[in-house]
Amino acid sequence: MEAAADNQSPSSSDVDVTPRGASSAVLRALQLIQYDDSDSKLQAAKEIRRLTKTSQRCRRLLAEAVIPLISMLRVDSPQSHHESALLALLNLAVKDERNKMSIVEAGALDHVIRFLRSENINLQESATAALLTLSASISNKPIIGASGAIPLLVNILKHGTTQAKVDAVMALSNLSTYTDNLTVIIETDPVPSVVTLLKSSKRSSKTAEKCCSVIESMVGFDEGRTALAAEDGGILAVVEVLENGTRQAREHAVGALLTICEGDRCKYRELILKEGVIPGLLELTVQGTPKSQTKAQTLLRLLRETPYPRSEFQPDTLENIVCNIISQIDGDEQSSKAKKMLAEMVQVSMEQSLRHLQKRALVCTPTDL
């Protein structure tokens, strides 16, 4: 299946690998899809799927096949047509914004939603993958959100196959960037299922990244924070992504923890601290993305005993903030690790400052003397 190519690295970097004879193949596929007989349509759908698997040029040339392919998804069409047509549409939509929009505008969503409810596992997987790709379009996000697809995606996240669950959480991540969809998503109580998927995923995987993206969106609501805290190992799983995830995943993870702490510091501060978050936060302040660094520093300030400077003799530096937190940590192992990380962070900071001064000295030194 060519599922979710908009959210994964294409195997051929999406280079146009269309052979010289592709133009005639495209014309033949367009002719076949217009025929009334069932066999011709099925053959055309399979050929369109093949031609559009890696070729952006073919996706453009075959755009006019969208409506005939959607007609193959109707209830009264032979069952053998459904999956072939759906997969052809999926490939047409990959990395092609116009095709994504035209597929939705032509009425494909009603059929896709029907397949999400199907007991046919292959159809359900293909429909979930199609929604993932279609939801990457900004224009489609509100339409998909209003279509009733979100509760079905969450249901697949709970009960679907492993691949369907992965595609479902990625689709929910796409949809969550549209504000009006957030209310619909939170009403479906997705956090327990997202946490379950996160805990079973490699922390450095794309799946973990998208799980943390959804969690970051959901903990902006009190229901989301409560649900995450109630899940056994839920906050710990986010902390582990903060330590070992991709750069983007770590940004989502620290954003989620910061949002939780800002939402109710008194309620969640201890829960976050006891999961050993300090070493990961210290590392992010040095090695994270600019957003991660800012969020990590802000969260460190919220995690100390008081959110305000303790006295005029203890300036509000990151080192003092961390020392304050370390003094409150239970357990020698965590405290020792945090102290070591702090020492390394200070050393790196000093080295960076020295390099900066050396560069300035070179710039200020006349070269023509």
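Note that these values count all heavy atoms, side chains included, but never hydrogens, waters or copies made by symmetry.
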Output a table of donor-acceptor pairs, distance under 3.5 Å, between side-chain atoms of residues 28-37 and any protein atom two or more places apart or on a different chain; print 'none' if there are none.
from  : atom 1 : to    : atom 2 : distance (Å)
Asp37 : OD1    : Ser40 : OG     : 2.7
Asp37 : OD2    : Ser40 : N      : 3.0
Asp37 : OD2    : Ser40 : OG     : 2.8

Only counting residues at least two apart or in another chain, list the ones meeting side chain to side chain contact (heavy atoms under 4.5 Å, CB included) with [X].
X: Ser137; result: Glu97, Lys100, Met101, Ser139, Asn140
X: Pro78; result: Ser38, Ser80, His81
X: Ala230; result: none
X: Val241; result: Leu198, Arg203, Ala208, Cys212, Ala249, Ala253

Listed pairs under 3.5 Å, donor-acceptor, residues 182-193 side chains, sequence neighbours left out:
from   : atom 1 : to     : atom 2 : distance (Å)
Thr188 : OG1    : Ile185 : O      : 2.5

[atom1] ([X]) with more than 12 external heavy atoms under 6.0 Å:
X: Glu64; atom1: CD; result: no
X: Lys199; atom1: NZ; result: yes
X: Arg98; atom1: CZ; result: no

inquiry  = Give me the atom names and distance for the closest heavy-atom approach of Gly145 to Ile150.
reply    =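 Here Gly145 and Ile150 meet closest at CA-CD1, 3.9 Å.
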By the ring-ring contact (aromatic ring centres under 6.0 Å, His included) test, which pairs, at least two apart or in different chains, include something from [range]?
range: residues 93-151; value: His82-Phe115
range: residues 40-70; value: none
range: residues 139-197; value: none
range: residues 218-273; value: none

Can you confirm whether [X] sits close enough to [Y] that some side-chain heavy atom of one is under 4.5 Å from a side-chain heavy atom of the other?
X: Asn91; Y: Thr133; result: no
X: Val66; Y: Ile70; result: yes
X: Leu175; Y: Leu131; result: no
X: Lys165; Y: Lys158; result: no
X: Arg50; Y: Glu47; result: yes
X: Thr52; Y: Val94; result: no
X: Leu302; Y: Glu262; result: yes
X: Leu157; Y: Thr196; result: no

ask   = Does the side chain to side chain contact (heavy atoms under 4.5 Å, CB included) test come out yes or no for Arg117 and Leu152, once each step is laid out?
value = CA-CA 7 Å; Arg117 295 191 176 100; Leu152 296 173; 3.9 Å; yes
So, [X] side chain and [Y] main chain: donor-acceptor pair closer than 3.5 Å or not?
X: Thr177; Y: Ser173; result: no
X: Arg250; Y: Leu242; result: yes
X: Arg269; Y: Arg304; result: yes
X: Ser147; Y: Ile144; result: yes

Salt bridge (charged side-chain N to carboxylate O under 4.0 Å, His left out) partners of residues 285-294, not counting sequence neighbours, each pair once =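 Matches after skipping sequence neighbours: none remain.
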Where at least one partner belongs to residues 69-81, residue pairs that pass salt bridge (charged side-chain N to carboxylate O under 4.0 Å, His left out), sequence neighbours excluded =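 Listed once each, the pairs are Arg74-Asp76.
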To the closest 0.5 Å, what do you measure between [atom1] ([X]) and [atom2] ([Y])?
X: Leu42; Y: Ser84; atom1: CG; atom2: OG; answer: 5.0 Å
X: Ile272; Y: Lys274; atom1: CD1; atom2: NZ; answer: 11.5 Å
X: Glu125; Y: Asn120; atom1: CD; atom2: CG; answer: 9.5 Å

ask   = Would you say the side-chain atoms of Glu251 and Thr289 include a donor-acceptor pair closer than 3.5 Å?
value =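 Checked: Glu251/Thr289 side chains pair up, N/O donor to acceptor below 3.5 Å.
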